[in-house]
2 protein chains.
Amino acid sequence: MPTSPTDHGVTLKLDRSLISDLPLFAELEAAACDDILETAHARHYGKGAVVFSQTEAAHSFFLLLHGRLRVTQVTAAGEQIVVRFVNPGDIFGVAMALGRDTYPGTSTAVVDCLALLWPSAIWPQLIGRHPLLAANAMRMIGGRLQDAHQRLREISTEDVERRVAHAILKLVDEAGQKSAAGVEIDFPLSRQDIAEMTATTLHTVSRIMSAWEAAGVIESGRQRVVVRDRPRLMAIAANADD
Amino acid sequence: MPTSPTDHGVTLKLDRSLISDLPLFAELEAAACDDILETAHARHYGKGAVVFSQTEAAHSFFLLLHGRLRVTQVTAAGEQIVVRFVNPGDIFGVAMALGRDTYPGTSTAVVDCLALLWPSAIWPQLIGRHPLLAANAMRMIGGRLQDAHQRLREISTEDVERRVAHAILKLVDEAGQKSAAGVEIDFPLSRQDIAEMTATTLHTVSRIMSAWEAAGVIESGRQRVVVRDRPRLMAIAANADD
DNA sequence: CGGCAATTTGACTGTGGTCAACGTGGGTGG
DNA sequence: CCACCCACGTTGACCACAGTCAAATTGCCG
């Protein structure tokens with residue numbers, strides 16, 4: 001199922017309307033957007049394709065336009081954790097800007113994706129010419145730092161059920177799609193994925209979600225989660241006794 | 001014991017030799033350092049003093065020159081975690097740059113500290129005038145993001161003993177002081193602190209460290225940790241069976 | 001020297017991990 | 001187009017790691 005990446009529009013001029021509304025380009029003038037796009041390429045990644053791998057040299061950084069990516073890290077002992085999911089408008093693979101010369105994780109397309117990419121070496125020039133871009137990028141990285149700290153807080157202090165509830169609610173906020181029965185997470189998400197986000201096992205996740213399904217809180221199936229009763233799920237996320 | 005902050009050198013001209021060797025100012029020219037220092041104040045915080053508090057408006061950002069700070073967050077349920085320790089040369093309280101208008105945590109001086117501070121509002125101008133400062137700051141924030149991900153990995157996949165071993169080793173690297181018996185962490189650090197860094201309880205930390213002490217790996221007392229046998233501690237951090 | 005905070009240690013318990021076996025649905029190939 | 005197969009999911013039994021509760025001890029600080 002993995003598809004090899006294919007180039008698109010490398011010679012084609014990229015239109016700034018693709019990106020000018022994204023938070024990364026907030027406050028930037030049209031000319032600045034054009035200048036930044038000058039050095040960008042667009043590329044398509046089929047479902048299952050690996051955009052970059054952990055420890056690989058960080059040749060490029062990316063901006064996701066369409067689709068959804070999963071970023072994972074593998075420990076020395078071979079266990080995997082999900083670092084985050086990348087949403088449209090997010091930057092990813094910015095290792096070089098963060099002071100690394102290799103990617104710290106692996107990112108995989110969970111659905112068909114379209115991304116822009118720049119050579120990492122360009123970053124210093126871009127922020128030199130466009131201080132607002134630097135400020136915006138720093139805000140986005142800041143958001144990721146907050147997310148990481150929130151997860152640390154949750155894993156440190158909450159029991160598994162509340163952690164799973166928080167994880168599902170966050171994904172619903174980022175990738176919720178109204179459907180007949182409620183709000184559905186619009187990309188394939190396995191029990192294993194949820195376990196790797198919440199520091200537990202797929203078994204425990206399955207047990208918890210089965211209980212929720214029986215209680216009418218969610219509806220779920222193979223790599224599919226629909227939240228039926230959001231307030232109830234929020235109550236579970238907040239409360240210890242239930 | 002908490003001391004109220006006192007101003008120092010507000011009118012006094014700050015010398016760039018204080019800061020020009022720090023990573024935040026790497027590659028910056030002398031004139032740039034002077035320009036940045038123009039808007040800085042220096043301030044002293046006595047042991048136990050609170051530099052800023054969670055949810056407080058982020059009026060300033062800081063650079064630690066001397067001492068050591070602990071940054072904590074409190075959950076809605078009232079439980080506390082240690083986010084990190086701030087070492088000399090680190091920036092902290094950069095909430096505004098990360099897109100927040102309040103501090104996400106509380107920072108407390110664990111020993112007497114000296115810090116520079118700037119009004120948060122100045123940040124955009126500073127990075128506008130000094131792109132290298134932006135690049136350096138982003139690298140430092142990137143390092144914190146890596147740290148957070150490493151802790152997530154550890155809490156998710158390792159048992160308590162290995163997590164504690166990793167935490168102690170990291171602190172020894174950052175704040176190790178050669179002493180008669182080995183390498184000592186040069187600031188007061190309680191079992192509770194270690195527990196809040198590693199998502200466990202002070203009881204479990206105490207049991208683990210008692211065992212290590214009996215085995216001659218460390219020597220410890222009231223808010224004091226000396227690593228006697230670093231290689232052995234590294235082996236504990238790496239291995240599961242021991 | 002009195003008092004309190006930090007630490008130690010013991011006994012018990014429960015959450016959630018491990019091991020194992022069995023469903024099930026969807027994609028793929030014949 | 002249907003059937004097979006495999007990845008994904010479910011469920012049960014068991015038990016261990018580490019959290020909780022409790023109490024004693026130590027060592028600073030004032």
Side-chain angles (χ1 to χ4, degrees), chain A residues 1-3 46-48 70 77 79-81 108 110-111 154-165 167-168 185 187-215 218-226 236 240-242, chain B residues 1-3 46-48 70 77 79-81 110-111 154-165 168 185 187-215 218-226 236 240-242:
Chain A
M1 178 177 315
T3 313
K47 179 177 174 174
R70 182 183 48 228
E79 282 172 297
Q80 193 172 81
I81 70 160
T108 311
V110 292
V111 295
E154 290 174 2
I155 297 183
S156 300
T157 63
E158 297 177 356
D159 60 27
V160 175
E161 184 171 18
R162 286 197 283 168
R163 299 206 298 267
V164 175
I168 301 290
I185 293 170
F187 61 88
L189 178 75
S190 71
R191 302 291 180 265
Q192 178 77 41
D193 291 332
I194 299 172
E196 287 174 5
M197 299 177 71
T198 54
T200 181
T201 62
L202 72 166
H203 305 277
T204 301
V205 171
S206 179
R207 278 184 254 267
I208 287 169
M209 293 184 70
S210 295
W212 289 350
E213 183 134 29
I218 63 165
E219 190 178 301
S220 81
R222 204 187 177 72
Q223 309 204 109
R224 201 176 129 271
V225 180
V226 185
I236 292 170
D241 48 316
D242 210 67
Chain B
M1 177 176 315
T3 313
K47 179 175 175 177
R70 181 182 50 226
E79 283 172 297
Q80 192 172 82
I81 69 160
V110 292
V111 295
E154 290 175 1
I155 296 182
S156 299
T157 63
E158 297 177 356
D159 60 27
V160 176
E161 185 171 15
R162 284 196 286 167
R163 298 205 300 266
V164 174
I168 300 290
I185 293 170
F187 60 88
L189 179 75
S190 71
R191 303 288 180 269
Q192 179 75 41
D193 291 332
I194 300 171
E196 287 174 6
M197 298 178 71
T198 54
T200 181
T201 62
L202 74 167
H203 306 276
T204 301
V205 172
S206 178
R207 277 185 254 266
I208 288 169
M209 293 184 69
S210 294
W212 289 350
E213 181 133 30
I218 64 165
E219 189 179 302
S220 82
R222 205 185 177 74
Q223 310 205 106
R224 201 176 129 273
V225 180
V226 184
I236 293 171
D241 49 314
D242 209 66

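Lettering follows sequence order; numbering is per chain, from 1. Side-chain atoms are counted along with the backbone in the values below, which use heavy atoms only and exclude waters and symmetry mates.
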Step-by-step side-chain contact (heavy atoms from CB on, under 4.5 Å) determination, B:M197 to B:R163: CA-CA 9 Å; B:M197 298 178 71; B:R163 298 205 300 266; over 6 Å; no
Polar side-chain atom of B:R191 near backbone of B:V205 as donor-acceptor pair, under 3.5 Å: no
Bend angle of the helix from C:dC1-D:dG30 to C:dG30-D:dC1, from helix axes over five pairs at each end, nearest 10°: 50°
Backbone N/O of A:L202 and side chain of A:S206: donor-acceptor pair under 3.5 Å: no
Donor-acceptor under 3.5 Å (B:E161 side chain, B:I208 main chain): no
Check: B:E196 main-chain N/O paired with B:Q80 side-chain donor or acceptor under 3.5 Å: no
Between C:dG17 (C1') and B:D159 (CG): distance, integer Å: 13 Å
Phosphate OP1/OP2 of C:dT9 contacted by B:S210 side-chain N/O (<4.0 Å): yes
Atom pair distance, as rounded to whole Å: CD in B:E161 and P in D:dA16: 18 Å
Integer-rounded Å distance: D:dT26 P and B:R191 CZ: 15 Å
Distance in angstrom units between A:I194 CD1 and D:dT10 C1', rounded: 14 Å
Shortest non-hydrogen separation from A:P188 to A:V111 and the atoms involved: CD-CG1, 3.6 Å
Closest heavy-atom pair and its distance - B:V160, B:T204: CG1-CG2, 3.8 Å
Positions of residues 197-209 of chain A (non-hydrogen atom under 4.0 Å from DNA chain D), listed by number: A:H203, A:S206, A:R207
Atom-pair distance (CD on A:E196; C1' on C:dG17), nearest Å: 15 Å
Intermediate values then yes/no, side-chain contact (heavy atoms from CB on, under 4.5 Å), A:E213 and A:M209: CA-CA 6 Å; A:E213 183 134 29; A:M209 293 184 70; over 6 Å; no
Side chain to side chain, A:E158 and B:E79, heavy atoms closer than 4.5 Å: no
Interatomic distance, A:R224 CZ vs D:dT10 C1' [rounded to whole Å]: 16 Å
Interatomic distance, A:K47 NZ vs C:dG26 P [rounded to whole Å]: 12 Å
Where A:T157 and B:I81 come nearest, the two heavy atoms and their spacing: CG2-CG2, 4.0 Å
Interatomic distance, B:I155 CD1 vs D:dG19 C1' [rounded to whole Å]: 16 Å
Where A:V225 and A:S220 come nearest, the two heavy atoms and their spacing: CA-CB, 4.3 Å
Position toward the 5' end of DNA chain C (nearest nucleotide), B:S190 or A:R163: B:S190
Could you go through nucleotides 5-7 of chain D and list every protein N or O atom that sits under 3.5 Å from one of its N or O atoms, giving the distance for each pair?
from, atom 1, to, atom 2, distance (Å)
D:dA7, N3, A:R222, NH2, 3.0

